[in-house]
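Heads up, the thing below is written out as structure tokens.
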2 protein chains.
Amino acid sequence: MINSRLSVAIHILSLLASHPRERVTSEYIAGSVQTNPVVIRRLSSLLRKAGLIESAPGIPGALLAKPPEAITLLEVYEAIFAEENLFSIHSGPNPGCPIGQNIQRTLNASFERAEQAMKNELARQTLAETMEHLFA
Amino acid sequence: MINSRLSVAIHILSLLASHPRERVTSEYIAGSVQTNPVVIRRLSSLLRKAGLIESAPGIPGALLAKPPEAITLLEVYEAIFAEENLFSIHSGPNPGCPIGQNIQRTLNASFERAEQAMKNELARQTLAETMEHLFA
DNA sequence: CGCTTTGTAACGAATTTAGTTACATTTATA
DNA sequence: TATAAATGTAACTAAATTCGTTACAAAGCG
């Protein structure tokens with residue numbers, strides 16, 4: 001089971017989307033997520049580097065950097081998990097065995113396709129749609 | 001990143017598929033995966049309960065319970081991860097906040113769709129195809 | 001200048017992961 | 001029937017991961 005960072009990241013963005021053009025502090029967001037503000041700032045840092053939010057030292061609060069219609073859940077996923085693969089593959093299988101020798105390459109191709117299918121679905125969903133579901 | 005159990009499970013099944021109608025011991029499989037036989041038997045236990053392999057105490061080795069064409073990678077995934085969700089959702093968001101109140105339900109629907117897309121792709125791939133890739 | 005907030009490093013407890021030891025149970029066989 | 005070999009599973013361990021926390025430098029605002 002994948003960790004809850006994507007979940008919290010989308011929570012952060014939803015909160016910003018629900019306060020358009022207002023700056024919302026990590027303390028306030030932490031109150032909604034019910035966690036420590038540092039947890040929020042850690043994820044916000046990734047979201048900022050990905051160009052999804054704007055924030056800066058000394059200036060309280062963060063803003064969405066783009067309209068919610070222009071933010072897909074895939075962008076959020078990529079911001080949080082970057083180059084990480086969805087599935088890990090066991091390391092060091094026996095190269096003296098024909099299966100062991102080729103299993104990593106083969107599984108990599110299989111898992112890549114499964115991961116891509118998942119990402120395609122995330123790309124179909126926007127933050128704007130998430131907001132609609134939140135308030136429906 | 002999801003743990004390497006699916007990876008090892010498919011390795012096990014590939015090895016069994018490459019020795020049709022032969023019983024292959026956990027010790028031998030462990031030699032190919034390069035791990036401890038107990039790790040193999042733990043996963044084999046799940047595969048057996050899912051009806052993918054046959055094995056029994058006192059009888060050395062395991063066999064595929066179905067032809068490789070009849071085993072999809074989704075079946076293997078389900079055998080290993082059962083009811084587990086792909087993404088976790090942070091627990092205890094603030095119910096006093098409209099976002100906090102609805103985020104879990106909303107994310108659950110989103111993540112469910114992403115997970116289903118991934119599973120659909122795994123369902124399209126069979127162990128037989130994996131074997132072809134292994135030897136191509 | 002003093003207050004508040006961000007950004008980030010560093011640490012800790014709880015959980016997960018993969019490997020290991022141990023052993024009861026079952027079957028085949030000498 | 002006794003022995004050997006393998007399975008199935010519980011229990012333990014070290015390492016890694018996850019999430020929360022403390023600490024603090026740097027930045028902006030009144």
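When reading the values below, keep in mind they use all heavy atoms of this one structure, side chains included, and skip hydrogens, waters and symmetry mates. Order of the sequence lines fixes the chain letters, A, B, ..., with proteins taken first and strands second; residue numbering starts at 1 for each chain.
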Under a 3.5 Å distance rule, please check whether [X] uses its side chain to pair with a backbone N or O of [Y] as donor and acceptor.
X: B:Thr126; Y: B:Glu129; answer: yes
X: B:Glu22; Y: B:His19; answer: no
X: A:Ser88; Y: B:Ile2; answer: yes

Over all strands shown, is [X] touching base, sugar-phosphate only, or nothing at heavy-atom distances under 4.0 angstrom?
X: B:Ser4; answer: sugar-phosphate
X: B:Ser44; answer: nothing
X: B:Arg48; answer: sugar-phosphate

| message | So for B:Arg42 and C:dG19, does any side-chain atom that can act as donor or acceptor lie under 3.5 Å from a complementary atom in the base? | response |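 Such a pair is found, so the answer is yes.
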So which nucleotide from [options] ends up closest to the side chain of [X]?
X: B:Val38; options: D:dC19, C:dT21, C:dA18; answer: C:dT21
X: B:Ser45; options: C:dG19, D:dG20, D:dT9; answer: D:dT9
X: B:Ile59; options: D:dA6, C:dT27, C:dT20; answer: C:dT27

Could you give the [atom1]-to-[atom2] distance, from [X] to [N], as a whole number of Å?
X: B:His90; N: D:dT18; atom1: NE2; atom2: C1'; answer: 15 Å
X: A:Ile89; N: C:dT17; atom1: CD1; atom2: P; answer: 17 Å
X: A:Leu63; N: C:dT6; atom1: CG; atom2: C1'; answer: 14 Å
X: B:Ile40; N: D:dT9; atom1: CD1; atom2: P; answer: 16 Å
X: B:Met1; N: D:dT18; atom1: CE; atom2: C1'; answer: 14 Å
X: B:Leu43; N: D:dT9; atom1: CG; atom2: P; answer: 13 Å
X: B:Asn3; N: C:dG19; atom1: CG; atom2: C1'; answer: 14 Å
X: B:Asn36; N: D:dG8; atom1: CG; atom2: C1'; answer: 14 Å

- Around A:Gln34, counting heavy atoms of other residues, nucleotides and ligands shown, do more than 12 lie under 6.0 Å from its CD? yes
Within a 6.0 Å radius of atom CD on B:Gln116, are there more than 12 heavy atoms belonging to other residues, nucleotides or ligands?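 Counting neighbours around CD of B:Gln116, more than 12 heavy atoms of other residues, nucleotides or ligands fall under 6.0 Å, so yes.
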Please tell me if [X] has a side-chain N or O lying less than 4.0 Å from either OP1 or OP2 of [N].
X: A:Arg5; N: D:dC19; result: yes
X: B:Thr25; N: D:dA6; result: no
X: B:Ser26; N: D:dT7; result: yes
X: A:Ser55; N: C:dG7; result: yes
X: A:Arg41; N: C:dT6; result: yes

Comparing nearest nucleotides in DNA chain D, the 5'-proximal residue of the pair B:Gly61, B:Ser88 is B:Gly61
**OP:** Of all the heavy-atom pairs spanning B:Glu84 and B:Glu115, show the shortest one and how long it is.
**Re:**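 B:Glu84 and B:Glu115 have their closest heavy atoms at O-OE2, 3.9 Å.
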